[in-house]
*Asks:* 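There's a structure below that I have some questions on.
Chain letters run A, B, ... following the sequence lines, proteins first, then strands; residues in each count from 1.
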There are 2 protein chains.
Amino acid sequence: MSEPLYKMVYRRVIERIAEGTYPPGAMLPNEFDLAADLGVSQGTARKALSALEDKAIVQRRQGKGTFVVLRTPENSLFHFFRLRTFDGVQVTPEPAKETVIKRKASQNERETLCDHPTHVFEITRVRSFKGQPFCMEQSVVPVELFPGLMERTPLKNALYVMFQQAYSCIVISAEENLHAAIADAELADFMGIEKGIAVLVSERVTRDLLDRTVEMRKGVYVTNELTYFVEMN
Amino acid sequence: MSEPLYKMVYRRVIERIAEGTYPPGAMLPNEFDLAADLGVSQGTARKALSALEDKAIVQRRQGKGTFVVLRTPENSLFHFFRLRTFDGVQVTPEPAKETVIKRKASQNERETLCDHPTHVFEITRVRSFKGQPFCMEQSVVPVELFPGLMERTPLKNALYVMFQQAYSCIVISAEENLHAAIADAELADFMGIEKGIAVLVSERVTRDLLDRTVEMRKGVYVTNELTYFVEMN
DNA sequence: TATAAGTATTCTTATATAAGTTTTAGTGAG
DNA sequence: CTCACTAAAACTTATATAAGAATACTTATA
């Protein structure tokens, strides 16, 4: 057999979400209707929907329905912001400084980001926790994907929520590379932290529903009061 | 309905793996036999087996069968050792120094580790990559769970492989907390690295098939040539 | 050695029934 | 008439079963 039916259903539902037929937060057709629409049985549609739920693309609740995942500040933070207190409590950072510029893409950015953009927006933010700056994040995104981004400043706290609401760009997954470094004078001055302390540096690549690389992000975290949490299975 | 049948099957298969009825690497009964054995239909047994596969407890291959997961040095490294080169290539560290001692458990260890042990083994290792020491790991495990561990020195490179082979303890998941630090004189001297450089420090809690906490591990990594890789979904 | 048939396994699909939610209709009290 | 409560119906996903297809390996045979 070439491709199982349930994978066809899976693909077609993703297409419909991506093209806006099923917008974020919306309820999908029920299993029977979706099955009839695509010419398969309910169980087959169901298998595809379960797979979509596993990938956190839809959310299902018995008796209620199936809904396109909606990025909220809470679940965005939970999924993509890994810093916790020592007690394991999620941190809700306050945004502080923010600058957005438009500039030419570096060669690496042009090669990595989707559609090989010539120009990018660079969003730089310093965030605080309990009044202390602890985090600097620099996001780079293609200009073509987020037109008019600069007019939206100041941007919302949770960037990915805004991506979804304003640009129908649904962030699904990310990869990070971490290493330890020492804050040099420039960084320390910029962030308002002490020079010479150890910081955690992360380089992130972010992907959306269609598996496009929509963001490259560099993060610098002060980890004397917070820790970066990782689960392994 | 109190508990779905497939969850009962799921639990009973885990029990059988834990008690050695299905040892690591062994083939499970096929879907029909398992179903008949437990008084359910093939599809229900299948659903349980799929769930076990999702949790990486068994491995399935069409036409061949279902097998209890076997920890090999390769997949152990892949799952639980997150350091990569900048090219994304998995690192295979060479073990260097190793010391194993038996000592009293700290209060934190007694509270965290399974069965609240009074004594623990502490395994300390310094590992090298391309001749340079880059990693210090200190594992703490309950004495009761791993009797005779000290007589097995020098221990294998991959600790979790040995846990499974010698003690039927199947490591399934782990959580890590990361932070950045600066190598002090004592650490630098012990590891054979330069004093004052930035290091990545991890504190890990490791769980087995029965969700017991079988290990606490502290790791110190030099990340100027390697990075710690994280995936987010 | 190559090829084909046979056997054992998981995978896919379909159908029926159960269980959880919400809406609607009905009923009685005030 | 209106409100509050209840019962029933409708609409949803979840579970269970069964039959046939696809895949992997073994064995027989030319």
*Asks:* Go nucleotide by nucleotide along DNA chain C from the 5' end; which of B:S50 and A:Q42 gets its closest nucleotide reached first?
*Replies:*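 Counting from the 5' end, the first nearest nucleotide belongs to B:S50.
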*Asks:* I'd like to know if B:R127 pairs up with B:E137 as an ion pair, taking the criterion as any Lys NZ or Arg NE/NH1/NH2 lying under 4.0 Å from an Asp or Glu carboxylate oxygen.
*Replies:*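 Yes, charged N to carboxylate O under 4.0 Å.
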*Asks:* Identify each atom pair where a protein N or O and an N or O of nucleotides 7-9 of chain C are less than 3.5 Å apart, giving names and distance.
*Replies:*
from	atom 1	to	atom 2	distance (Å)
C:dT9	OP2	B:N30	ND2	2.6
C:dT9	O5'	B:N30	ND2	3.4
C:dT9	O2	B:G63	N	3.4

*Asks:* For the pair B:R125 and B:E98, find out whether any cationic side-chain nitrogen is under 4.0 Å from an anionic carboxylate oxygen.
*Replies:*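 A salt bridge is present here (some side-chain N lies under 4.0 Å from a carboxylate O).
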*Asks:* Pick base, sugar-phosphate or nothing for A:T44, based on heavy-atom distances below 4.0 Å to the nucleic acid.
*Replies:*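 It contacts sugar-phosphate atoms only.
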*Asks:* Considering only side-chain heavy atoms of A:L5, which listed nucleotide, C:dT13, C:dA16, D:dA16, is closest?
*Replies:*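 Nearest listed nucleotide: C:dT13.
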*Asks:* So A:L178 and A:E203, do their side chains get closer than 4.5 Å, heavy atoms only?
*Replies:*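 A:E203 vs A:L178: side chains apart.
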*Asks:* Quick one: A:L34 CG to D:dA14 C1', roughly how many Å, whole number?
*Replies:*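 To the nearest whole Å, that distance equals 17 Å.
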*Asks:* Can you name the side chain to side chain contact (heavy atoms under 4.5 Å, CB included) partners of B:D33, sequence neighbours left out?
*Replies:*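 Partners of B:D33 under the side chain to side chain contact (heavy atoms under 4.5 Å, CB included) test: B:P29, B:N30.
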*Asks:* Can you measure B:R46 atom CZ to D:dG20 atom C1' for me and round it to whole angstrom units?
*Replies:*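 It is 14 Å, rounded to the nearest whole Å.
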*Asks:* Hey, do the aromatic rings of B:Y221 and B:F134 have their centres closer than 6.0 Å?
*Replies:*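 No, they do not, as the ring centres are separated by 6.0 Å or more.
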*Asks:* What is the distance from CG of B:D54 to C1' of C:dT10, rounded to the nearest Å?
*Replies:*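 B:D54 atom CG is separated from C:dT10 atom C1' by 15 Å.
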*Asks:* Quick check, are the ring centers of B:F163 and B:F146 under 6.0 angstrom apart?
*Replies:*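 Between B:F146 and B:F163, which both carry aromatic rings, the centre distance is below 6.0 Å.
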